[in-house]
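Remember, it's 1-based here, ligands and their atoms both numbered in the order they're listed.
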Amino acid sequence: GKAKIIYATDDPDVLISYFKDDATAFNAQKRGQITNKGIVNCKVASHLFQLLEAQGVKTHWLDTPSEREMRVRAVKIIPLEVVVRNLAAGSLCKQTGLALGTVLTPPLVEFYYKNDDLGDPLLTRDRIRVMNIADEAQINELIRLAEKINTILQTFFQRCQITLVDFKLEFGLGQMNGILLADEISPDTCRLWDQAKSDQVDRVLDKDRFRQDLGHVAEAYQEVLQRILGQVSRN
Ligand code: UDP
């Protein structure tokens with residue numbers, strides 16, 4: 001893929017996910033590298049998957065054998081980007097006119113079709129059913145899981161003095177068709193705002209620094225990792 005390479009192992013049920021420094025945005029029209037992003041994202045995602053597992057969320061994470069590699073359960077990826085939004089930002093502001101930072105209560109859970117050729121369009125529940133991507137029960141389960149994950153992550157990031165604005169999840173079907181959280185959760189896939197900063201640009205600790213050329217991209221990723229590690233060691 002764009003940010004990770006997936007390798008097979010001797011065990012058909014286990015894959016290695018290798019995290020690269022390559023960054024893309026706007027459907028790969030913008031390309032670049034973020035120094036040590038792969039290391040940061042692998043460490044951040046590993047911590048968050050362990051945190052979620054400890055609270056009963058099933059994930060594909062098995063272990064983290066090196067700083068850029070995660071061992072994961074092989075799953076059949078459901079071709080949806082499940083986006084959870086606590087505050088309005090990004091495409092939601094662009095498509096609705098809602099002001100940046102508008103608080104969304106309850107949080108919004110949205111589905112986008114994972115399809116680069118179609119530009120990852122926003123889907124409805126009915127479209128997901130007619131496209132045969134998931135049935136009614138699976139859609140309900142994805143929403144339930146997304147809301148549970150949001151509650152756990154919001155609490156965790158709050159302790160890091162970071163506001164979890166929005167994020168994207170991907171799920172897969174594992175053994176016996178159980179739904180597992182897959183892919184990654186990292187500054188590439190979340191909007192994270194530093195609560196210690198009031199400036200709209202200074203506060204950004206995520207991939208928007210790359211998308212919008214805000215500078216200090218690698219430093220922002222390191223800051224997120226440091227906050228998370230500080231939080232973990234204090235527990
Ligand atoms: N996101 C992602 N991958 C995508 C699209 C979005 O990880 O292909 C994340 C993005 O980082 C943000 C959230 O999903 O945290 C919502 O993104 P949005 O729909 O606002 O799209 P964007 O403004 O990033 O185009």
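Nearest heavy-atom pair, A182 versus F49, reported as atom, atom and distance to 0.1 Å: O-CZ, 3.6 Å. Minimum heavy-atom separation, I179 to E141: CD1-CG, 3.7 Å. Nearest heavy-atom pair across G1 and K20 is O-NZ, 3.1 Å.
Atom 4 (C) of ligand 1 has as its closest protein heavy atom E81 OE1, 3.4 Å. Remark: minimum distance from atom 14 (O) of ligand 1 to any protein heavy atom is reached at K168 CB, 3.5 Å. Given atom 24 (O) of ligand 1, the protein heavy atom at minimum distance is R191 NH2, 3.3 Å. In terms of protein heavy-atom proximity, atom 15 (O) of ligand 1 is closest to D166 OD1, 2.6 Å. Annotation: atom 21 (O) of ligand 1 to nearest protein heavy atom, S91 OG, 3.7 Å.
For N27, the heavy-atom gap to ligand 1 stays at 4.0 angstrom or more. Ligand 1 lies less than 4.0 angstrom from a heavy atom belonging to R211. Heavy-atom separations between K94 and ligand 1 are all 4.0 Å or longer. Residue contacts with ligand 1 do not include K207, since none of its heavy atoms lies under 4.0 Å from the ligand.
Heavy-atom proximity to G90, at under 4.0 Å, picks out these atoms of ligand 1: 20 (O), 23 (O). Close approach of ligand 1 to C190 (heavy-atom distance below 4.0 Å) involves ligand atoms 15 (O). Applying the 4.0 Å criterion to heavy atoms of D188 picks out, from ligand 1, the atoms 7 (O), 11 (O).
Salt-bridge formation is not detected for the pair R191/D206: no Lys NZ or Arg NE/NH1/NH2 atom is positioned less than 4.0 Å from an Asp or Glu carboxylate oxygen.
Residue contacts with ligand 1, taken as heavy atom pairs separated by less than 4.0 Å, involve T189 via backbone and side-chain atoms alike.
Note on residues 31-40: pairs passing side-chain hydrogen bond (donor to acceptor under 3.5 Å, both in side chains), not counting sequence neighbours, are D22-Q33, K37-D188.
Between the side chains of Y221 and E223, no donor-acceptor pair of N or O atoms lies under 3.5 Å.
Taking CD1 from I78 and CD1 from I133, the interatomic distance works out to 9.5 Å, rounded to the nearest 0.5 Å. Rounding to the nearest 0.5 angstrom, the gap separating the CG atom in L100 from the CG atom in L87 is 8.5 Å.
Proximity of R209 to Q212: side-chain heavy atoms (C-beta onward) are nowhere separated by under 4.5 Å.
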